[in-house]
2 protein chains.
Amino acid sequence: MTATQTPVPMGPVVPARAAHAPLTPVEQQLRTAQDLFIRRWGEMGQTWGINRTMAEIHALCYIVGKPLCTDDVMERLHISRGNASMSLRALCDWGIIRRLHKRGERREYFESLSDVWEMFSIIAAERKRREMDPVLEAIKQCRQMLDEGHLGKAAKQEAVQLTRQRLAGMEEFMSVTNKIFQEFIGNAKSGLTKVVKVLLKAF
Amino acid sequence: MTATQTPVPMGPVVPARAAHAPLTPVEQQLRTAQDLFIRRWGEMGQTWGINRTMAEIHALCYIVGKPLCTDDVMERLHISRGNASMSLRALCDWGIIRRLHKRGERREYFESLSDVWEMFSIIAAERKRREMDPVLEAIKQCRQMLDEGHLGKAAKQEAVQLTRQRLAGMEEFMSVTNKIFQEFIGNAKSGLTKVVKVLLKAF
DNA sequence: CTATACTTTCAGTACAAACTGAAATCAGGA
DNA sequence: TCCTGATTTCAGTTTGTACTGAAAGTATAG
(Lines give C-alpha, C1' and ligand atoms only; values in the text may rest on other atoms or scores of the structure.)
Protein backbone atom coordinates (compact mmCIF):
# COMPACT_ATOMS: atom_id res chain seq x y z
CA MET A 1 0.00 0.00 0.00
CA THR A 2 1.79 3.12 1.11
CA ALA A 3 5.04 1.75 -0.20
CA THR A 4 6.14 5.17 -1.31
CA GLN A 5 8.55 5.36 1.58
CA THR A 6 12.05 4.00 1.66
CA PRO A 7 11.82 0.30 2.36
CA VAL A 8 12.05 0.36 6.11
CA PRO A 9 13.74 -2.78 7.32
CA MET A 10 11.27 -4.68 9.40
CA GLY A 11 13.21 -4.24 12.58
CA PRO A 12 12.39 -5.79 15.92
CA VAL A 13 9.47 -3.47 16.55
CA VAL A 14 7.53 -2.34 13.53
CA PRO A 15 6.06 1.11 14.01
CA ALA A 16 2.49 1.29 12.79
CA ARG A 17 3.66 3.74 10.16
CA ALA A 18 6.83 5.73 9.79
CA ALA A 19 6.70 8.37 12.48
CA HIS A 20 5.40 11.21 10.37
CA ALA A 21 5.86 10.19 6.81
CA PRO A 22 4.74 13.03 4.55
CA LEU A 23 1.59 12.06 2.73
CA THR A 24 1.44 11.63 -0.99
CA PRO A 25 -1.06 13.83 -2.81
CA VAL A 26 -3.42 10.91 -3.19
CA GLU A 27 -3.22 10.13 0.50
CA GLN A 28 -3.94 13.73 1.27
CA GLN A 29 -6.98 13.73 -0.94
CA LEU A 30 -8.15 10.54 0.70
CA ARG A 31 -7.75 12.08 4.12
CA THR A 32 -9.63 15.17 3.15
CA ALA A 33 -12.56 13.12 1.96
CA GLN A 34 -12.51 10.93 5.05
CA ASP A 35 -12.26 13.93 7.33
CA LEU A 36 -15.34 15.49 5.80
CA PHE A 37 -17.32 12.36 6.44
CA ILE A 38 -15.98 12.06 9.96
CA ARG A 39 -16.84 15.63 10.81
CA ARG A 40 -20.42 15.41 9.56
CA TRP A 41 -20.96 12.10 11.22
CA GLY A 42 -19.74 13.50 14.50
CA GLU A 43 -22.09 16.44 14.23
CA MET A 44 -25.00 14.18 13.56
CA GLY A 45 -24.13 11.92 16.45
CA GLN A 46 -24.12 14.88 18.77
CA THR A 47 -27.70 15.84 18.01
CA TRP A 48 -28.76 12.24 18.49
CA GLY A 49 -27.35 12.06 21.96
CA ILE A 50 -24.01 10.43 21.17
CA ASN A 51 -20.95 12.36 22.10
CA ARG A 52 -19.11 13.90 19.22
CA THR A 53 -15.76 12.28 19.79
CA MET A 54 -17.19 8.79 20.08
CA ALA A 55 -19.12 9.27 16.88
CA GLU A 56 -15.99 10.56 15.17
CA ILE A 57 -13.87 7.68 16.31
CA HIS A 58 -16.41 5.27 15.03
CA ALA A 59 -16.70 7.13 11.75
CA LEU A 60 -12.93 7.00 11.40
CA CYS A 61 -12.73 3.27 12.02
CA TYR A 62 -15.59 2.66 9.66
CA ILE A 63 -14.45 4.82 6.81
CA VAL A 64 -10.82 3.73 6.84
CA GLY A 65 -11.90 0.12 6.72
CA LYS A 66 -8.80 -1.32 8.33
CA PRO A 67 -7.70 -1.81 11.90
CA LEU A 68 -6.33 1.23 13.69
CA CYS A 69 -4.42 1.45 16.93
CA THR A 70 -4.94 3.94 19.72
CA ASP A 71 -2.16 6.18 18.47
CA ASP A 72 -3.65 6.31 15.00
CA VAL A 73 -6.89 7.53 16.45
CA MET A 74 -5.22 10.06 18.74
CA GLU A 75 -3.16 11.49 15.96
CA ARG A 76 -5.91 11.60 13.43
CA LEU A 77 -8.52 13.24 15.64
CA HIS A 78 -6.20 15.23 17.89
CA ILE A 79 -7.46 13.81 21.13
CA SER A 80 -5.71 12.67 24.29
CA ARG A 81 -4.76 9.13 25.10
CA GLY A 82 -7.24 8.99 27.94
CA ASN A 83 -10.09 10.13 25.79
CA ALA A 84 -9.20 7.71 23.03
CA SER A 85 -8.93 4.81 25.44
CA MET A 86 -12.26 5.49 27.12
CA SER A 87 -14.14 6.13 23.91
CA LEU A 88 -12.74 3.06 22.21
CA ARG A 89 -13.76 0.96 25.13
CA ALA A 90 -17.27 2.41 25.08
CA LEU A 91 -17.57 1.65 21.38
CA CYS A 92 -16.45 -1.90 22.05
CA ASP A 93 -19.07 -2.15 24.78
CA TRP A 94 -21.70 -1.05 22.30
CA GLY A 95 -20.37 -3.77 20.02
CA ILE A 96 -19.92 -1.68 16.91
CA ILE A 97 -16.14 -1.89 16.88
CA ARG A 98 -13.96 -4.85 17.79
CA ARG A 99 -10.63 -5.29 19.51
CA LEU A 100 -8.05 -7.06 17.42
CA HIS A 101 -4.66 -8.54 18.26
CA LYS A 102 -1.98 -8.78 15.66
CA ARG A 103 0.54 -11.59 15.81
CA GLY A 104 3.77 -10.58 17.46
CA GLU A 105 2.51 -7.12 18.28
CA ARG A 106 1.73 -5.88 21.73
CA ARG A 107 -0.49 -3.05 20.84
CA GLU A 108 -4.15 -3.54 20.21
CA TYR A 109 -6.04 -2.61 17.09
CA PHE A 110 -9.65 -1.71 16.57
CA GLU A 111 -11.87 -2.20 13.59
CA SER A 112 -15.42 -1.24 12.87
CA LEU A 113 -18.10 -3.67 11.83
CA SER A 114 -18.48 -3.34 8.10
CA ASP A 115 -22.20 -3.94 7.76
CA VAL A 116 -24.11 -0.74 8.42
CA TRP A 117 -27.37 -2.61 8.87
CA GLU A 118 -25.86 -4.78 11.54
CA MET A 119 -24.48 -1.77 13.37
CA PHE A 120 -27.81 -0.06 13.21
CA SER A 121 -29.65 -3.02 14.60
CA ILE A 122 -27.20 -3.35 17.45
CA ILE A 123 -27.66 0.27 18.37
CA ALA A 124 -31.40 0.10 17.95
CA ALA A 125 -31.64 -2.89 20.23
CA GLU A 126 -29.68 -1.21 22.96
CA ARG A 127 -31.50 2.09 22.79
CA LYS A 128 -34.85 0.40 22.75
CA ARG A 129 -33.92 -1.51 25.85
CA ARG A 130 -32.43 1.42 27.67
CA GLU A 131 -34.78 4.19 26.67
CA MET A 132 -38.05 3.07 25.20
CA ASP A 133 -38.81 0.12 27.41
CA PRO A 134 -38.72 2.17 30.62
CA VAL A 135 -41.18 4.64 29.16
CA LEU A 136 -43.57 1.91 28.12
CA GLU A 137 -43.22 0.50 31.58
CA ALA A 138 -44.05 3.85 33.11
CA ILE A 139 -47.08 4.29 30.89
CA LYS A 140 -48.48 0.99 31.99
CA GLN A 141 -47.94 1.95 35.59
CA CYS A 142 -49.68 5.26 35.07
CA ARG A 143 -52.68 3.65 33.46
CA GLN A 144 -52.98 1.32 36.38
CA MET A 145 -52.90 4.19 38.84
CA LEU A 146 -55.80 5.78 37.03
CA ASP A 147 -58.07 2.82 36.42
CA GLU A 148 -61.27 2.11 38.29
CA GLY A 149 -59.63 -0.40 40.53
CA HIS A 150 -57.68 2.40 42.15
CA LEU A 151 -59.84 5.46 41.81
CA GLY A 152 -63.34 4.00 41.92
CA LYS A 153 -65.99 6.25 40.49
CA ALA A 154 -63.58 9.18 40.54
CA ALA A 155 -61.97 7.55 37.53
CA LYS A 156 -64.84 8.96 35.54
CA GLN A 157 -63.83 12.57 36.14
CA GLU A 158 -63.06 14.51 33.02
CA ALA A 159 -59.44 15.33 33.82
CA VAL A 160 -58.72 11.71 34.62
CA GLN A 161 -60.38 10.47 31.48
CA LEU A 162 -58.38 12.91 29.40
CA THR A 163 -55.09 11.75 30.80
CA ARG A 164 -56.11 8.15 30.35
CA GLN A 165 -56.84 8.79 26.70
CA ARG A 166 -53.50 10.44 26.19
CA LEU A 167 -51.69 7.59 27.86
CA ALA A 168 -53.49 5.17 25.59
CA GLY A 169 -52.51 7.13 22.49
CA MET A 170 -48.89 7.18 23.49
CA GLU A 171 -48.86 3.53 24.39
CA GLU A 172 -50.20 2.53 21.02
CA PHE A 173 -47.54 4.58 19.29
CA MET A 174 -44.72 3.19 21.34
CA SER A 175 -45.89 -0.38 21.03
CA VAL A 176 -45.88 -0.17 17.28
CA THR A 177 -42.53 1.55 17.20
CA ASN A 178 -41.17 -1.06 19.51
CA LYS A 179 -42.45 -3.82 17.32
CA ILE A 180 -40.75 -2.34 14.30
CA PHE A 181 -37.50 -2.04 16.17
CA GLN A 182 -37.83 -5.59 17.36
CA GLU A 183 -38.23 -6.75 13.82
CA PHE A 184 -35.11 -5.00 12.69
CA ILE A 185 -33.18 -6.37 15.60
CA GLY A 186 -34.37 -9.91 15.08
CA ASN A 187 -33.33 -9.88 11.47
CA ALA A 188 -29.98 -8.29 12.13
CA LYS A 189 -27.84 -10.51 9.96
CA SER A 190 -30.10 -13.03 8.36
CA GLY A 191 -32.81 -11.36 6.45
CA LEU A 192 -32.32 -7.70 6.95
CA THR A 193 -31.96 -6.90 3.32
CA LYS A 194 -35.13 -8.79 2.66
CA VAL A 195 -36.98 -7.00 5.43
CA VAL A 196 -35.95 -3.71 3.99
CA LYS A 197 -37.18 -4.72 0.59
CA VAL A 198 -40.54 -5.64 2.06
CA LEU A 199 -40.63 -2.34 3.84
CA LEU A 200 -39.90 -0.38 0.73
CA LYS A 201 -42.49 -2.23 -1.25
CA ALA A 202 -45.04 -1.53 1.45
CA PHE A 203 -44.55 2.14 0.76
CA MET B 1 -68.99 29.96 26.67
CA THR B 2 -66.99 32.47 28.61
CA ALA B 3 -69.44 34.65 30.42
CA THR B 4 -67.40 37.76 29.89
CA GLN B 5 -70.22 39.62 28.20
CA THR B 6 -70.47 41.76 31.26
CA PRO B 7 -67.60 44.22 31.43
CA VAL B 8 -65.49 42.24 33.81
CA PRO B 9 -62.85 44.63 35.09
CA MET B 10 -59.48 43.45 33.95
CA GLY B 11 -58.12 44.38 37.29
CA PRO B 12 -57.57 41.52 39.66
CA VAL B 13 -57.77 39.00 36.87
CA VAL B 14 -59.38 35.72 37.63
CA PRO B 15 -56.50 33.42 38.45
CA ALA B 16 -56.31 30.40 36.21
CA ARG B 17 -57.16 28.37 39.25
CA ALA B 18 -57.55 29.38 42.83
CA ALA B 19 -54.12 30.40 43.99
CA HIS B 20 -53.20 27.19 45.74
CA ALA B 21 -56.39 25.33 46.22
CA PRO B 22 -55.55 22.16 48.10
CA LEU B 23 -55.84 19.19 45.82
CA THR B 24 -58.44 16.53 46.33
CA PRO B 25 -57.12 13.02 46.79
CA VAL B 26 -58.14 12.17 43.25
CA GLU B 27 -56.33 15.18 41.86
CA GLN B 28 -53.28 14.19 43.82
CA GLN B 29 -53.36 10.71 42.43
CA LEU B 30 -53.78 12.12 38.93
CA ARG B 31 -50.79 14.36 39.42
CA THR B 32 -48.67 11.54 40.69
CA ALA B 33 -49.43 9.50 37.62
CA GLN B 34 -48.81 12.42 35.28
CA ASP B 35 -45.57 13.28 37.02
CA LEU B 36 -44.25 9.79 36.55
CA PHE B 37 -44.92 9.96 32.85
CA ILE B 38 -43.40 13.42 32.59
CA ARG B 39 -40.26 12.41 34.38
CA ARG B 40 -39.64 9.35 32.26
CA TRP B 41 -40.39 11.21 29.07
CA GLY B 42 -37.94 13.89 30.04
CA GLU B 43 -35.24 11.33 30.69
CA MET B 44 -35.82 9.73 27.33
CA GLY B 45 -35.75 13.06 25.55
CA GLN B 46 -32.38 13.78 27.06
CA THR B 47 -30.73 10.74 25.57
CA TRP B 48 -32.24 11.57 22.19
CA GLY B 49 -30.71 15.01 22.09
CA ILE B 50 -33.70 16.98 23.35
CA ASN B 51 -33.21 18.95 26.49
CA ARG B 52 -34.91 17.57 29.51
CA THR B 53 -37.03 20.56 30.38
CA MET B 54 -38.39 20.93 26.88
CA ALA B 55 -39.32 17.30 26.79
CA GLU B 56 -40.97 17.62 30.18
CA ILE B 57 -42.99 20.65 29.19
CA HIS B 58 -44.19 18.86 26.14
CA ALA B 59 -45.03 15.77 28.12
CA LEU B 60 -46.98 17.90 30.56
CA CYS B 61 -49.02 19.61 27.85
CA TYR B 62 -49.65 16.31 26.17
CA ILE B 63 -50.65 14.31 29.18
CA VAL B 64 -52.91 16.94 30.73
CA GLY B 65 -54.78 17.29 27.49
CA LYS B 66 -56.00 20.80 28.03
CA PRO B 67 -54.45 24.20 27.47
CA LEU B 68 -51.99 25.40 30.08
CA CYS B 69 -50.60 28.86 30.62
CA THR B 70 -47.02 29.81 31.38
CA ASP B 71 -47.65 29.95 35.11
CA ASP B 72 -49.16 26.49 35.14
CA VAL B 73 -46.03 25.15 33.54
CA MET B 74 -43.72 27.08 35.85
CA GLU B 75 -45.52 25.94 38.93
CA ARG B 76 -45.87 22.35 37.89
CA LEU B 77 -42.27 21.82 36.80
CA HIS B 78 -40.60 24.27 39.16
CA ILE B 79 -38.84 26.26 36.49
CA SER B 80 -38.29 29.96 35.99
CA ARG B 81 -40.40 32.21 33.84
CA GLY B 82 -37.57 32.75 31.39
CA ASN B 83 -36.97 29.07 30.94
CA ALA B 84 -40.67 28.37 30.47
CA SER B 85 -41.02 31.13 27.95
CA MET B 86 -38.06 30.06 25.85
CA SER B 87 -38.91 26.39 25.94
CA LEU B 88 -42.54 26.98 25.06
CA ARG B 89 -41.51 29.07 22.12
CA ALA B 90 -39.10 26.39 20.93
CA LEU B 91 -41.85 23.79 21.14
CA CYS B 92 -44.12 26.06 19.12
CA ASP B 93 -41.36 26.46 16.55
CA TRP B 94 -41.15 22.70 16.28
CA GLY B 95 -44.89 22.73 15.78
CA ILE B 96 -45.78 20.14 18.38
CA ILE B 97 -47.59 22.53 20.69
CA ARG B 98 -49.80 25.46 19.71
CA ARG B 99 -50.44 28.92 21.11
CA LEU B 100 -54.00 29.51 22.04
CA HIS B 101 -55.87 32.66 22.97
CA LYS B 102 -58.88 32.53 25.19
CA ARG B 103 -61.61 35.06 24.67
CA GLY B 104 -61.36 37.93 27.06
CA GLU B 105 -58.12 36.73 28.59
CA ARG B 106 -54.82 38.35 28.06
CA ARG B 107 -52.63 35.49 28.93
CA GLU B 108 -51.70 32.89 26.38
CA TYR B 109 -52.33 29.20 26.64
CA PHE B 110 -50.53 26.31 25.08
CA GLU B 111 -51.78 22.94 24.05
CA SER B 112 -50.09 19.90 22.63
CA LEU B 113 -51.09 18.22 19.44
CA SER B 114 -53.14 15.22 20.38
CA ASP B 115 -52.12 12.83 17.63
CA VAL B 116 -48.85 11.14 18.51
CA TRP B 117 -48.32 10.01 14.95
CA GLU B 118 -48.60 13.52 13.68
CA MET B 119 -46.14 14.78 16.26
CA PHE B 120 -43.71 12.06 15.37
CA SER B 121 -43.88 12.80 11.70
CA ILE B 122 -43.32 16.49 12.31
CA ILE B 123 -40.24 15.76 14.37
CA ALA B 124 -39.00 13.16 11.93
CA ALA B 125 -39.30 15.58 9.05
CA GLU B 126 -37.34 18.24 10.81
CA ARG B 127 -34.60 15.98 12.06
CA LYS B 128 -34.20 14.36 8.69
CA ARG B 129 -33.81 17.76 7.10
CA ARG B 130 -31.44 19.11 9.71
CA GLU B 131 -29.34 16.07 10.44
CA MET B 132 -29.56 13.31 7.93
CA ASP B 133 -29.64 15.31 4.72
CA PRO B 134 -26.33 17.04 5.42
CA VAL B 135 -24.65 13.69 5.98
CA LEU B 136 -25.99 12.28 2.75
CA GLU B 137 -24.79 15.42 1.05
CA ALA B 138 -21.33 14.97 2.55
CA ILE B 139 -21.18 11.35 1.48
CA LYS B 140 -21.91 12.27 -2.10
CA GLN B 141 -19.23 14.90 -1.99
CA CYS B 142 -16.73 12.41 -0.57
CA ARG B 143 -17.46 9.89 -3.26
CA GLN B 144 -16.90 12.50 -5.89
CA MET B 145 -13.56 13.45 -4.39
CA LEU B 146 -12.47 9.85 -4.66
CA ASP B 147 -13.72 8.88 -8.10
CA GLU B 148 -11.54 8.44 -11.15
CA GLY B 149 -12.41 11.86 -12.44
CA HIS B 150 -10.45 13.36 -9.60
CA LEU B 151 -7.82 10.85 -8.71
CA GLY B 152 -7.14 9.19 -12.05
CA LYS B 153 -5.51 5.80 -11.77
CA ALA B 154 -4.70 6.46 -8.15
CA ALA B 155 -8.35 5.82 -7.48
CA LYS B 156 -7.50 2.16 -7.83
CA GLN B 157 -5.30 2.12 -4.76
CA GLU B 158 -6.44 -0.24 -2.07
CA ALA B 159 -6.97 2.35 0.65
CA VAL B 160 -9.05 4.48 -1.68
CA GLN B 161 -11.13 1.57 -2.83
CA LEU B 162 -11.82 0.57 0.74
CA THR B 163 -13.06 4.00 1.68
CA ARG B 164 -15.17 4.14 -1.45
CA GLN B 165 -16.80 0.86 -0.53
CA ARG B 166 -17.55 2.07 2.95
CA LEU B 167 -19.05 5.28 1.65
CA ALA B 168 -21.26 3.28 -0.68
CA GLY B 169 -22.47 1.07 2.15
CA MET B 170 -23.36 4.03 4.27
CA GLU B 171 -25.07 5.80 1.43
CA GLU B 172 -27.29 2.85 0.73
CA PHE B 173 -28.28 2.66 4.36
CA MET B 174 -29.06 6.30 4.66
CA SER B 175 -30.98 6.44 1.43
CA VAL B 176 -33.28 3.70 2.54
CA THR B 177 -33.71 5.21 5.99
CA ASN B 178 -34.47 8.51 4.39
CA LYS B 179 -37.04 7.00 2.14
CA ILE B 180 -38.80 5.43 5.09
CA PHE B 181 -38.82 8.71 6.94
CA GLN B 182 -40.12 10.44 3.86
CA GLU B 183 -42.96 8.01 3.67
CA PHE B 184 -43.97 8.60 7.25
CA ILE B 185 -43.80 12.30 6.77
CA GLY B 186 -45.84 12.23 3.61
CA ASN B 187 -48.59 10.27 5.28
CA ALA B 188 -48.62 12.40 8.38
CA LYS B 189 -52.34 12.98 8.67
CA SER B 190 -53.96 11.19 5.83
CA GLY B 191 -53.16 7.56 5.90
CA LEU B 192 -50.76 7.04 8.70
CA THR B 193 -52.84 4.51 10.49
CA LYS B 194 -53.12 2.60 7.27
CA VAL B 195 -49.40 2.78 6.65
CA VAL B 196 -48.77 1.40 10.08
CA LYS B 197 -51.14 -1.45 9.49
CA VAL B 198 -49.34 -2.30 6.27
CA LEU B 199 -46.07 -2.17 8.11
CA LEU B 200 -47.22 -4.46 10.83
CA LYS B 201 -48.59 -6.95 8.38
CA ALA B 202 -45.28 -6.91 6.55
CA PHE B 203 -43.63 -8.16 9.71
C1' DC C 1 -51.83 59.22 27.50
C1' DT C 2 -51.09 55.87 31.92
C1' DA C 3 -51.63 51.68 34.38
C1' DT C 4 -51.78 46.97 34.38
C1' DA C 5 -51.08 42.20 32.99
C1' DC C 6 -48.42 39.47 30.69
C1' DT C 7 -44.24 38.01 27.60
C1' DT C 8 -39.66 38.08 25.99
C1' DT C 9 -34.88 38.80 26.28
C1' DC C 10 -30.37 38.33 28.01
C1' DA C 11 -26.24 38.90 31.14
C1' DG C 12 -24.67 36.31 34.57
C1' DT C 13 -24.47 31.96 37.05
C1' DA C 14 -24.81 27.19 38.08
C1' DC C 15 -24.30 22.82 36.63
C1' DA C 16 -22.81 18.92 33.86
C1' DA C 17 -20.33 16.65 30.31
C1' DA C 18 -16.18 16.03 27.98
C1' DC C 19 -11.31 16.03 27.95
C1' DT C 20 -6.44 16.04 29.43
C1' DG C 21 -2.22 14.27 31.21
C1' DA C 22 0.28 11.89 34.29
C1' DA C 23 0.47 8.17 37.49
C1' DA C 24 -0.86 3.46 38.20
C1' DT C 25 -1.58 -0.83 36.22
C1' DC C 26 -1.12 -4.60 33.10
C1' DA C 27 1.09 -8.04 30.05
C1' DG C 28 4.67 -10.09 27.09
C1' DG C 29 9.62 -11.08 26.41
C1' DA C 30 14.24 -11.94 28.16
C1' DT D 1 12.30 -12.39 38.17
C1' DC D 2 12.58 -7.48 35.99
C1' DC D 3 12.06 -4.44 32.04
C1' DT D 4 9.39 -2.16 28.71
C1' DG D 5 5.80 -0.78 25.84
C1' DA D 6 0.94 -0.34 25.96
C1' DT D 7 -3.43 0.54 28.36
C1' DT D 8 -6.42 2.21 31.90
C1' DT D 9 -7.79 5.18 35.41
C1' DC D 10 -8.96 9.40 37.54
C1' DA D 11 -8.34 14.15 39.77
C1' DG D 12 -8.34 18.42 37.94
C1' DT D 13 -9.60 21.49 34.25
C1' DT D 14 -11.91 23.10 30.32
C1' DT D 15 -15.82 23.66 27.67
C1' DG D 16 -20.55 23.85 26.81
C1' DT D 17 -25.47 23.85 28.07
C1' DA D 18 -29.28 24.99 30.83
C1' DC D 19 -31.30 28.08 33.89
C1' DT D 20 -32.46 32.13 36.62
C1' DG D 21 -34.18 36.60 37.59
C1' DA D 22 -34.69 41.08 36.65
C1' DA D 23 -35.17 44.57 33.19
C1' DA D 24 -37.15 45.72 28.86
C1' DG D 25 -40.80 45.09 25.80
C1' DT D 26 -45.73 44.50 24.24
C1' DA D 27 -50.56 44.90 24.31
C1' DT D 28 -55.02 46.20 26.12
C1' DA D 29 -58.40 48.81 28.87
C1' DG D 30 -59.58 52.96 30.59
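Each chain gets a letter, A, B and so on, in the order the sequences are listed, and its residues count up from 1.
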Look at the side-chain N and O atoms of [X] and state whether any lies under 4.0 Å from the OP1 or OP2 oxygen of [N].
{"X": "A/Arg99", "N": "D/dA6", "answer": "no"}
{"X": "A/Thr53", "N": "C/dC19", "answer": "yes"}
{"X": "B/Asn83", "N": "D/dT20", "answer": "yes"}
{"X": "A/Ser80", "N": "C/dC19", "answer": "no"}

Rounded to whole angstroms, how far apart are [atom1] on [X] and [atom2] on [N]?
{"X": "A/Glu43", "N": "D/dG16", "atom1": "CD", "atom2": "P", "value": "14 Å"}
{"X": "B/Ile50", "N": "D/dA18", "atom1": "CD1", "atom2": "C1'", "value": "15 Å"}
{"X": "B/Gln46", "N": "D/dA18", "atom1": "CD", "atom2": "C1'", "value": "10 Å"}
{"X": "A/Asp72", "N": "D/dA6", "atom1": "CG", "atom2": "C1'", "value": "14 Å"}
{"X": "A/His78", "N": "D/dT15", "atom1": "NE2", "atom2": "P", "value": "17 Å"}
{"X": "B/Ile79", "N": "D/dG21", "atom1": "CD1", "atom2": "P", "value": "12 Å"}
{"X": "B/Arg81", "N": "D/dG25", "atom1": "CZ", "atom2": "C1'", "value": "14 Å"}
{"X": "B/Glu105", "N": "C/dA5", "atom1": "CD", "atom2": "P", "value": "13 Å"}

| Reckon A/Arg89 touches a base, only the sugar-phosphate, or nothing at all at heavy-atom distances under 4.0 Å? | sugar-phosphate
| Sugar-phosphate, base or nothing in reach of A/Asn51, heavy atoms under 4.0 Å |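 The residue A/Asn51 makes sugar-phosphate contact but no base contact.
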| query | Is the shortest side-chain N to carboxylate O distance from A/Glu126 to A/Arg129 below 4.0 Å? | reply |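 Judged by the 4.0 Å cut-off on N to carboxylate O distance, A/Glu126 and A/Arg129 do form a salt bridge.
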So do the side chains of [X] and [Y] get within less than 4.5 Å of each other, counting heavy atoms only?
{"X": "B/Ile50", "Y": "B/Trp94", "result": "no"}
{"X": "B/Leu151", "Y": "A/Gln29", "result": "yes"}
{"X": "A/Asp71", "Y": "A/Glu75", "result": "no"}

| query | So which heavy atom on A/Ala138 is nearest to which on B/Leu36, and how close? | reply |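 Minimum heavy-atom separation between A/Ala138 and B/Leu36: O-CD2, 4.0 Å.
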| On a plain distance test, is the side chain of B/Arg106 in donor-acceptor contact with the base of C/dT4 below 3.5 Å? |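 Present.
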| request: From the options D/dT8, C/dT20, C/dT8, select the nucleotide whose nearest atom is closest to the side chain of B/Glu108. | output: C/dT8
